[in-house]
Protein chains: 2
Amino acid sequence: MADLTTRAEFLLKTLVERYIAEGQPLGSRTLAKRSGLDLSPATIRNVMADLEDMGLVTSPHTSAGRIPTQLGYRVFIDSLLTVRPLDAEQIRKVEGEFTAGADPQKLVETTSHLLSEVTELAGLVVVPRREDQLVFRQLDFVGLSGGRVLVILVTEDGQVQNRIIDTEQDYSPAKLLQAANYFNDKYGGVAISEVKRMLLAEMQRTSEEMQRIMELALEMSRKMFVEPADEGNDLLVTGESNLMGFPELGDIQKLRKLFDTFTAKRDLLHLLDRSMRAGGVKIFIGRESGYEALKECSVVTAPYTVDGQVVGTLGVVGPTRMPYERIIPFVDVTAKLLGGALSSIGR
Amino acid sequence: MADLTTRAEFLLKTLVERYIAEGQPLGSRTLAKRSGLDLSPATIRNVMADLEDMGLVTSPHTSAGRIPTQLGYRVFIDSLLTVRPLDAEQIRKVEGEFTAGADPQKLVETTSHLLSEVTELAGLVVVPRREDQLVFRQLDFVGLSGGRVLVILVTEDGQVQNRIIDTEQDYSPAKLLQAANYFNDKYGGVAISEVKRMLLAEMQRTSEEMQRIMELALEMSRKMFVEPADEGNDLLVTGESNLMGFPELGDIQKLRKLFDTFTAKRDLLHLLDRSMRAGGVKIFIGRESGYEALKECSVVTAPYTVDGQVVGTLGVVGPTRMPYERIIPFVDVTAKLLGGALSSIGR
DNA sequence: TTTGGCACTCGATAGCCTAGAGTGCTAATC
DNA sequence: GATTAGCACTCTAGGCTATCGAGTGCCAAA
């Protein structure tokens with residue numbers, strides 16, 4: 001396929017820009033005016049025919065103008081887009097949200113709200129729960145009735161998870177405390193995935209010579225750590241309703257599929273996981289995500305790091321026709337700030 | 001206004017039932033057939049005219065049949081509805097969900113999902129966080145860097161809340177433990193609202209003669225308890241997307257208002273709080289709720305109790321045209337089962 | 001009190017027309 | 001050879017009209 005001429009590129013760029021801004025197919029006449037080039041509509045038509053041959057633009061029907069195709073957006077984003085840095089007000093607003101000391105869960109919630117409010121799209125944040133990245137801090141056992149024990153798990157980054165487990169008998173508070181102390185001394189500061197591994201090993205090795213208290217601690221923590229955990233990473237979605245009201249998502253059936261995708265989380269988590277490996281902002285346009293429900297949407301993501309290590313991803317979802325030049329730097333900055341805020345909690 | 005004749009009642013009943021089932025206005029002709037009464041359409045028309053005078057039915061336009069008004073639904077529910085008990089499969093399903101031991105948060109989530117799945121509407125559950133109904137169990141202090149302390153609050157019913165607070169200095173783990181012990185001994189088993197009150201009193205009274213450790217505990221717990229808490233009761237909404245696809249909510253603007261109401265939670269919480277006082281199932285039809293966004297919806301709620309005391313409410317939201325005779329007993333049963341499951345956690 | 005008959009209303013659907021926007025092609029022009 | 005003007009053509013959106021069918025309200029008869 002022939003390379004794009006400079007002029008064709010320029011026209012594609014203005015076409016995409018205008019279409020993003022106005023949502024209307026662009027005809028040769030208007031494009032001639034808006035481009036600033038001194039060309040007649042007829043010439044524009046010729047160029048458009050070329051762009052259509054290359055699969056970069058298409059027209060909804062004969063007498064409508066042209067709109068970008070998915071590929072057109074791709075080219076636009078990869079080589080034509082001029083990203084505007086955030087303006088002063090936005091930067092101030094974003095930074096303001098991250099100053100207050102808060103626990104990771106709240107930080108993540110704040111971030112997601114921020115994303116959806118500023119972009120007026122749906123905000124996504126993956127809550128990091130990867131076991132190999134979480135460091136164990138301490139365990140608490142709180143006795144409940146009927147042999148049930150509330151286990152509270154604290155990680156170094158200040159996250160708290162809890163769970164009720166069943167045991168065969170009631171234990172005294174003193175016993176529970178002793179058990180917790182034993183366990184905390186032994187595993188404090190170890191990565192959770194490692195704790196799991198060590199637990200399994202320990203249980204096999206010393207099951208006979210163990211003291212009662214060790215047994216208790218191990219039994220409970222085994223239930224907490226090893227048995228089918230709730231889930232891995234979790235996903236927070238906010239501002240879904242921002243997506244209603246985009247004419248391209250006006251079909252209620254499509255909208256429902258989209259919302260179901262948000263609720264199920266699985267597909268989105270998968271998508272966001274994929275974008276964790278690469279550094280920096282990643283953009284999935286339409287079908288590139290590989291999910292039917294997202295075929296008319298774009299997803300802009302950026303991983304965030306704590307102490308230099310990628311722990312999660314955040315981003316936004318919106319119609320393919322979204323103001324990328326605003327969205328991209330914003331998602332980027334937000335990821336950096338969230339990473340910074342999370343880093344300052346751990347020690 | 002004249003009382004309803006038995007026949008008029010019967011016709012209203014079948015009208016509402018058929019309309020709920022089919023979603024189409026009913027004309028005199030079809031109603032004559034469906035009612036089973038041996039009456040001509042003309043007679044039905046006379047009765048319908050009466051019902052219309054009484055404000056119980058209306059017609060969308062001249063040549064459409066009749067549909068129930070809000071008042072018509074009210075009369076139907078209050079005096080005509082024959083509630084069907086749950087069928088065997090549903091009961092089994094509901095009970096199955098509540099057997100596994102789980103913490104309150106998970107129970108509430110399960111319940112909400114259950115509500116929305118079975119009814120195919122949006123499920124609501126108020127998470128009880130009323131301070132006067134929660135009994136303090138214990139506090140944990142976990143030191144983080146930079147003078148920050150992670151405070152974990154456990155209540156008797158097994159709920160865990162946590163929060164990071166700022167202090168002026170770093171405390172040693174031993175100090176923190178001591179402080180927690182001091183506090184837990186003193187306030188264990190006291191209602192949270194009472195702890196708050198006592199804290200304020202204590203701080204004023206003995207601020208000079210206090211030992212350092214008491215000071216520390218009081219200072220931290222003050223920040224946890226007294227300073228602007230997160231919120232009061234919280235609300236869980238699931239299955240919102242079930243509401244897409246009801247033709248009466250087909251307008252995307254309405255839908256958006258509805259979803260925003262779900263997200264904001266405030267109005268719904270208010271509504272559910274109202275229904276906490278009365279025992280048993282409560283039904284808000286259309287505008288009765290008092291909220292614009294819900295004007296074409298009905299809300300069916302039931303309070304649930306722990307140890308005889310009402311602690312929260314649950315329910316469903318759907319279009320006014322919902323199968324009440326299925327929904328009502330289901331909401332009722334679910335409330336009872338959730339209450340039971342929560343009761344078995346506390347001691 | 002019930003019913004049949006009848007004129008009337010209204011929404012939905014289909015068909016038709018027009019205006020407007022935009023295209024592709026061809027031939028003339030720079 | 002690139003650009004442009006001109007023109008025939010296509011397609012949508014919107015307005016207008018006619019028709020069909022469902023259903024009503026009312027009146028007079030049973």
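Both backbone and side-chain heavy atoms feed into the values below; hydrogens, waters and symmetry mates do not. Chain A is the first sequence line, chain B the second, and so forth, proteins listed ahead of strands; every chain is numbered from 1.
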Side chain of [X], backbone of [Y]: donor and acceptor closer than 3.5 Å?
{"X": "B/R274", "Y": "B/S289", "result": "yes"}
{"X": "A/T334", "Y": "A/F330", "result": "yes"}
{"X": "B/K265", "Y": "B/L235", "result": "yes"}

| message | Across nucleotides 11-27 of chain C, 5' to 3', mark each nucleotide with B, S or - according to how protein heavy atoms within less than 4.0 Å reach it. | response | S--------BBSBB---

| request: Verify the distance criterion only: is there a donor paired with an acceptor across the side chains of B/D267 and B/T261 at less than 3.5 Å? | output: no

| field | A/S116 side chain to A/N242 side chain, donor-acceptor N/O pair below 3.5 angstrom | value | no

| task | Salt-bridge test for B/K13 and B/E9: reply yes if a basic N is under 4.0 Å from a carboxylate O, no otherwise. | result | no

| task | Identify whether the distance between the nearest side-chain nitrogen and carboxylate oxygen of A/E89 and A/R92 falls below 4.0 Å. | result |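 Looking at A/R92 together with A/E89, the answer is no, because their closest N to O distance does not fall below 4.0 Å.
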
| said: Please identify the 5'-most and 3'-most nucleotides of DNA chain D with any atom under 4.0 angstrom from a heavy atom of chain A. | reply: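 Reading along DNA chain D, I get D/dT3 to D/dT12.
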
